[in-house]
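None of these values were measured; they are calculated from a predicted model.
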2 protein chains.
Amino acid sequence: MDNINQPETTPGSPDSTEQRIFDAAHELFVLKGLDGAKMQEIADKAGINKALLHYYYRSKEKLYEMVAKAVISRALPIIQNLLESDDPLEEKISRFIDFYIDMVSRNPFVPLFVINELNKHPDRFFEAILPKELPRPHNFFRQVEEEIAKGNLRPVKPQHLLVNVVSLCVFPFVAKPMIRIVLGLDQQEIKAFLAQRKEEVKAFVFQAIKT
Amino acid sequence: MDNINQPETTPGSPDSTEQRIFDAAHELFVLKGLDGAKMQEIADKAGINKALLHYYYRSKEKLYEMVAKAVISRALPIIQNLLESDDPLEEKISRFIDFYIDMVSRNPFVPLFVINELNKHPDRFFEAILPKELPRPHNFFRQVEEEIAKGNLRPVKPQHLLVNVVSLCVFPFVAKPMIRIVLGLDQQEIKAFLAQRKEEVKAFVFQAIKT
DNA sequence: AGGCGGTTTAACTTTTTGGTTAAAAAAATT
DNA sequence: AATTTTTTTAACCAAAAAGTTAAACCGCCT
């Protein structure tokens, strides 16, 4: 095992069995959750025997835990950086929206996974999965308040602004099938619709907060 | 059985065994999903023997299907009414936000249930659960376009406006535990925070769409 | 070549879980 | 009161799923 300079959550060399198992588990757990994904299924997808799962990862729980950790610890630092950079506020919000929508449209099941995990097993989540270092939106909040003081921004509670932006970015991708039904869109149309979200969200947010 | 004037999805008299089973199943399925909820668990919560579940509802699938139908058919007509009423647009949006946030804060797990169901078992959902009549936001869209034509509204795509409003209403409740962590709020504070959402969303949306 | 550690497999065991059955208890009907 | 019907239970069954084991395999070292 030569994973000396890799985080424990991304095990083994790039195409090792260990890694293949992890990737298969990652895909299936994110897609179906802990109960929905079956060990046999994971083994099949990884192209190996079921016993190997237990050889490399002691139990289903353990494997799940590592996957969950990897998912979380991949997303958090980027968010942290975006929020705490020293870019001017408007640019920061714009970048944040771009990044978030890019991420969510590439991995539409990840936010759902995190939300489910957090709602349904909060105990495990806090104890085993969340890292000590959490995004601190402190700098972002300060910036918002400064701009308000300068009169460049309508007085909005910075916490609500952050929640609003994230809501507008994430929810439409999570609720994609529902939107398809209600708006009566086909595969192509919903894709086009979601592709417009970056510009739409930016326009909506900037209009909402400008003085 | 005297459920002559009740929908088939709400069976039996108010405190019958049948109803108690249904209520228990409702709670657990909404909370944990099809795979997560176990028949024994449902029986325990209903205070009866496991065999009774199969006596009243043939199988887990059937029971789940009825619960899902009940959840859906409770919410859809109200949304339909809100969207298609002839209230003036601003009032309609305001009512919509009030209702949606009320509903979601009373049943925070319902939207998550619907979203999961729709993402993970779309086939079953379309065939067995969704009613024929779906909310048609047609009237709402027309109103938006009229107001834009009259110059009362910034030109926004009505579909995006609808999605934005729903996102702002639903997402914060679904993502409540995540918000708690990131904003560092305790039980009381997050409750207060979410209670502000109605006014916050209205202010945000109206500012975003006004000319 | 022969042994050694890590890797992989097939076959097995145990636990969980959905579902069944036959009979007892309770309620309704006569 | 007797009987029929509905409700409820305990015990059981079969399938699925997690987890285990012992033996085979494979690359490497000397």
Side-chain angles (χ1 to χ4, degrees), chain A residues 1-4 6 8 10-68 117 120-121 124 128, chain B residues 1-4 6 8 10-68 117 120-121 124 128:
Chain A
M1 279 199 238
D2 53 25
N3 58 346
I4 200 160
Q6 284 171 327
E8 60 169 327
T10 348
S13 39
D15 204 51
S16 63
T17 301
E18 198 177 0
Q19 184 64 48
R20 290 221 315 288
I21 293 175
F22 189 85
D23 292 342
H26 189 285
E27 184 176 335
L28 287 171
F29 279 140
V30 166
L31 202 62
K32 305 185 167 192
L34 175 60
D35 296 309
K38 306 301 171 191
M39 291 298 261
Q40 187 59 59
E41 214 184 349
I42 296 174
D44 291 348
K45 171 149 297 219
I48 48 94
N49 190 287
K50 188 165 63 90
L52 272 197
L53 299 181
H54 293 91
Y55 175 74
Y56 283 107
Y57 306 88
R58 205 177 306 277
S59 67
K60 192 186 187 182
E61 295 275 337
K62 278 260 178 295
L63 178 52
Y64 182 75
E65 204 175 279
M66 298 192 74
V67 168
E117 185 60 31
K120 289 170 189 173
H121 315 280
R124 171 175 50 200
Chain B
M1 279 200 237
D2 53 28
N3 57 348
I4 198 160
Q6 283 170 328
E8 62 169 326
T10 352
S13 40
D15 204 49
S16 62
T17 301
E18 197 177 359
Q19 184 64 48
R20 291 221 315 289
I21 292 175
F22 189 85
D23 292 343
H26 189 285
E27 184 176 337
L28 287 171
F29 278 140
V30 167
L31 202 64
K32 306 185 166 194
L34 174 60
D35 296 312
K38 305 300 170 191
M39 291 299 261
Q40 187 59 58
E41 213 183 350
I42 296 174
D44 291 348
K45 170 148 296 215
I48 47 94
N49 190 289
K50 188 164 65 91
L52 271 199
L53 299 181
H54 293 92
Y55 175 76
Y56 285 106
Y57 305 89
R58 206 178 302 278
S59 67
K60 191 185 188 183
E61 297 274 337
K62 278 261 179 295
L63 179 52
Y64 182 75
E65 206 175 276
M66 299 190 74
V67 168
E117 185 60 32
K120 288 170 189 170
H121 314 281
R124 171 176 49 201

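- The distance between atom CG of A:L53 and atom C1' of C:dT9, rounded to the nearest whole Å, is 13 Å.
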Seminar exercise, completed: With B for base contact, S for sugar-phosphate-only contact and - for none (protein heavy atoms under 4.0 Å), nucleotides 15-29 of chain C reads --SBBBB--------

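- Here the P atom of nucleotide D:dT6 and the CD atom of B:E18 are 13 Å apart, to the nearest Å.
- A search for side-chain hydrogen bond (donor to acceptor under 3.5 Å, both in side chains) contacts involving B:K38 returns nothing, not counting sequence neighbours.
- Every residue meeting the side-chain hydrogen bond (donor to acceptor under 3.5 Å, both in side chains) condition with B:K45, not counting sequence neighbours, appears here in chain and number order: B:E27.
- Judged as a side-chain hydrogen bond (donor to acceptor under 3.5 Å, both in side chains), and not counting sequence neighbours, A:D35 has no contacts.
- Going from atom CD1 of A:I48 over to atom P of D:dC25 covers 19 Å, rounded to whole Å.
- In this structure, CG of A:L52 is placed 17 Å from P of D:dA24, rounded to the nearest angstrom.
- Evaluation of the side-chain contact (heavy atoms from CB on, under 4.5 Å) rule for B:A37 yields B:L28, B:F29, B:K32 as partners, not counting sequence neighbours.
- B:Y57 contributes a side-chain N or O that, together with a main-chain N or O of B:E18, makes up a donor-acceptor pair within less than 3.5 Å.
- Close to D:dT8, at under 4.0 Å from its OP1 or OP2, lies a side-chain N or O of B:Y56.
- For B:H54, the side-chain hydrogen bond (donor to acceptor under 3.5 Å, both in side chains) test picks out no residue, with sequence neighbours left out.
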